[in-house]
Amino acid sequence: MSYIVETKDLSHQFRQGEKVLDAVALQVPAGAIYGFLGPNGAGKTTTLRLLLGLLRKQTGHISISGQEMTMRRHGLLRHVGALIESPSIYHHLSAAENLEVWRRLYRCPRSRIDAALTLTGLDRTGSKKAGRFSLGMKQRLGIAIALLHEPALLVLDEPTNGLDPAGIVEMRALLQQLNREQGTTILISSHLLTEIEKLVTHIGIINQGKLLYQGTLAALTSERAQAGSLVIDCGHDLRAAAAMERLRLPFRWENGQLVLDKPGRDQMPALFRELTGSGIGIYGVHTHNSDLETIFMNLTQTGVS
Amino acid sequence: MITTFLNSFSSEWLKRKRTAGAWLTIAGGFFIPLIILIQRFYFSERLAGDNASSKIWEMLYSRCWQGMAFFLLPMGVILVTTLVGQVEYRNQTWKQLHATPQSPTTIFFAKLAVILVMLLQFFILFNVGIYLTGVLPALFIKRVPFPAEAFPWGKFMLGNSKFLLTCLPVLALQFLLSLQFRNFMVPIGVGLGLYILSMMVMQWQYAYIVPYIYSAAAFMKTGSNTNIYAWAFGYFALFGTGSYLLFLFKKERS
């Protein structure tokens with residue numbers, strides 16, 4: 001598989017002994033929408049800053065489109081669009097003037113300004129100064145700057161910050177459209193797990209500077225689905241514990257409910273036979289779904305992949 | 001390489017549009033000539049005699065440069081350089097700028113070039129202003145003749161070049177500070193402090209070692225044994241090189 005972004009043994013520390021990144025091996029496939037997740041201070045922004053050369057690399061390798069970043073940084077950055085943390089806009093200039101500032105640097109045609117403004121819904125802002133924009137409009141202008149030169153790779157750090165729910169939906173649609181129609185690879189970091197779940201094809205989870213998981217979202221959810229749990233409401237009948245011991249099934253009590261690490265399909269009939277045969281009333285049964293939030297919490301709290 | 005620099009310069013030039021720095025350059029250029037012009041109209045009885053003088057331009061040049069060299073030029077350079085140099089900090093755009101396909105060297109010199117061109121623009125407007133102080137009274141008042149003396153281009157060019165050289169150390173140090181410190185008050189505070197210091201030590205025999213003193217010293221023509229222009233150029237080279245190296249080896253570009 002060809003990776004548009006690949007890091008090897010990428011480590012970074014700000015001060016002696018404080019390792020922010022520890023041998024991170026990021027692999028972003030070309031054409032993917034790669035969600036980069038992690039709690040605050042996990043090392044997401046540091047990784048993205050290193051990718052763009054905003055931080056001086058200490059150890060490890062970074063390659064973009066198969067080429068070492070340190071060797072061909074300027075050439076490679078021509079094909080990368082970025083929005084890191086807050087949008088970078090000149091508040092005393094209009095949206096079109098802001099884009100003109102960057103257009104001159106990327107040397108792309110003037111028509112790209114109108115195209116980027118239309119794509120981000122800022123085409124009617126006219127001469128209004130960007131400083132008077134709402135937070136959502138500023139964020140969209142940041143996106144317009146990032147995609148102005150039609151980059152092959154978009155690096156977005158928390159791009160939905162400050163957007164209202166409608167804005168978030170629009171942003172998601174825009175990114176999916178870019179990915180689908182122009183084949184733009186998108187590397188996106190976010191705290192909004194439900195949003196990421198709806199958007200990405202691949203996922204990387206980082207915590208305390210270590211990459212805990214990396215792969216397709218489908219593989220992660222299917223892998224974790226195996227490790228889901230079964231919750232049985234049996235009115236905290238303690239006879240259920242004896243039944244589980246007889247069946248040798250590991251269990252625990254949570255809020256008066258019996259919780260079992262998801263038993264195999266073939267174990268189910270014996271489980272319910274044992275419970276009902278012991279005269280235990282069953283008032284409800286459900287499984288704990290392994291949504292991204294659950295998986296994320298499990299990974300980042302236990303640190304186990 | 002040159003194309004990259006020109007694109008970078010043109011991008012930087014656009015950023016100064018509608019900024020306080022851009023307005024200050026225009027207003028600062030015309031401020032003193034306007035005051036002198038008002039003063040000339042106020043004492044209108046002297047206008048005819050002054051314009052008929054064979055030294056009219058030298059007189060206007062000297063009167064305009066007096067206020068400019070002592071106060072407006074160093075203050076203007078401190079303010080404009082800091083305002084232009086801090087545009088990225090103010091808008092939190094350093095990270096985006098450093099993620100563009102250009103080297104830190106290109107960014108540094110494009111920014112410096114914009115400030116130098118603005119300084120040049122300021123000098124041109126100031127000289128246009130001096131010219132108008134001589135010509136406008138003749139246009140508005142019938143009995144006032146046009147200046148008898150031909151406009152001394154050569155003398156003006158030489159004098160302006162010297163004043164331009166004297167303010168380069170101020171420009172270079174303010175540029176260094178504005179690129180290194182996020183807080184706007186640091187470069188402004190240091191600039192004002194050094195300017196006040198230079199005014200206080202004006203009569204000191206070693207005053208020429210203070211880098212902000214040269215514009216005033218050039219007007220007063222003090223320190224006849226010391227080549228203040230060489231000192232000014234030396235400081236400019238020193239601060240400029242220091243500024244470039246600090247910018248180039250900055251650990252974090254944001």
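Sequence lines set the chain letters: A, B, ... in the order given, protein chains first and strands last, and positions in each chain run from 1. Values reported hereafter were calculated over all heavy atoms of this structure, with side chains retained and with hydrogens, waters and symmetry mates removed.
The 12-atom threshold is exceeded at CZ of A:R56, counting heavy atoms of other residues, nucleotides or ligands nearer than 6.0 Å. Remark: A:H61 NE2 is loosely packed, at most 12 non-hydrogen atoms of other residues, nucleotides or ligands lying under 6.0 Å away. Annotation: B:F31, atom CZ; neighbour count of heavy atoms from other residues, nucleotides and ligands within 6.0 Å does not exceed 12. The number of heavy-atom neighbours closer than 6.0 Å to CD of A:E85, taken from other residues, nucleotides and ligands shown, is above 12. Atom OH of B:Y131 is surrounded by 12 or fewer heavy atoms from other residues, nucleotides or ligands within 6.0 Å. More than 12 non-hydrogen atoms from other residues, nucleotides or ligands lie less than 6.0 angstrom from NZ of A:K128. Residue B:F233 places its CZ atom among 12 or fewer non-hydrogen atoms of other residues, nucleotides or ligands, all under 6.0 Å distant.
For the residue pair B:Q102/A:Y106, the side-chain donor-acceptor check at 3.5 Å is not satisfied. In this structure, a donor-acceptor pair under 3.5 Å is absent between the side chains of B:S103 and A:R73.
Side-chain atoms of A:H92 never come within 3.5 Å of backbone atoms of B:A20 as a donor-acceptor pair (strictly under, hydrogens ignored). A side-chain donor-acceptor contact under 3.5 Å links A:S88 to the backbone of B:Q92. Judged purely by atom type and a 3.5 angstrom limit, A:R104 has no side-chain atom pairing as donor or acceptor with the backbone of B:N7. For the pair B:N91 (side chain) and A:H91 (backbone), a donor-acceptor distance under 3.5 Å is present.
The candidate with the highest count of non-hydrogen atom pairs below 4.5 Å against chain A, out of B:K250, B:R90, B:K17, is B:K17. Counting heavy-atom pairs under 4.5 Å between each of A:G53, A:A82, A:A146, A:A130 and chain B puts A:A82 at the top. For chain B, the option among A:L52, A:I84, A:I145, A:V80 with the highest count of heavy-atom pairs below 4.5 Å is A:I84.
Contact between B:S8 and A:L105 at its shortest, heavy atoms only, is CA-CD2, 3.7 Å. Closest approach of A:R107 and B:T4 over heavy atoms only: NH2-OG1, 3.3 Å. The nearest pair of heavy atoms linking B:T100 to A:L77 is O-CD1, 3.7 Å. Pairing each heavy atom of B:R18 with each of A:S94, the nearest pair is NH2-N, 3.9 Å.
Neither the backbone nor the side chain of B:T106 comes within contact range of chain A; no heavy atoms are under 4.5 Å apart. The parts of A:L54 that come within reach of chain B are both its backbone and its side chain, each placing non-hydrogen atoms under 4.5 angstrom from that chain. Only the side chain of A:R49 has a heavy atom closer than 4.5 Å to any heavy atom of chain B.
To the nearest 0.5 Å, atoms NZ (B:K95) and CG (A:L48) are separated by 12.5 Å. Here A:N98 contributes atom CG and B:K15 contributes atom NZ; the two are 10.0 Å apart, rounded to the nearest 0.5 Å. Interatomic distance, CD1 of A:I89 versus CD of B:Q96, reported as 10.5 Å (0.5 Å rounding).
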Using the side chain to side chain contact (heavy atoms under 4.5 Å, CB included) rule, take B:L97 and A:W102 through it: C-alpha gap first, then chi angles, then the decisive distance, then the call.
CA-CA 8 Å; B:L97 189 60; A:W102 304 107; 4.0 Å; yes
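With sequence neighbours excluded, no residue forms a side chain to side chain donor-acceptor pair (under 3.5 Å) with B:T25.
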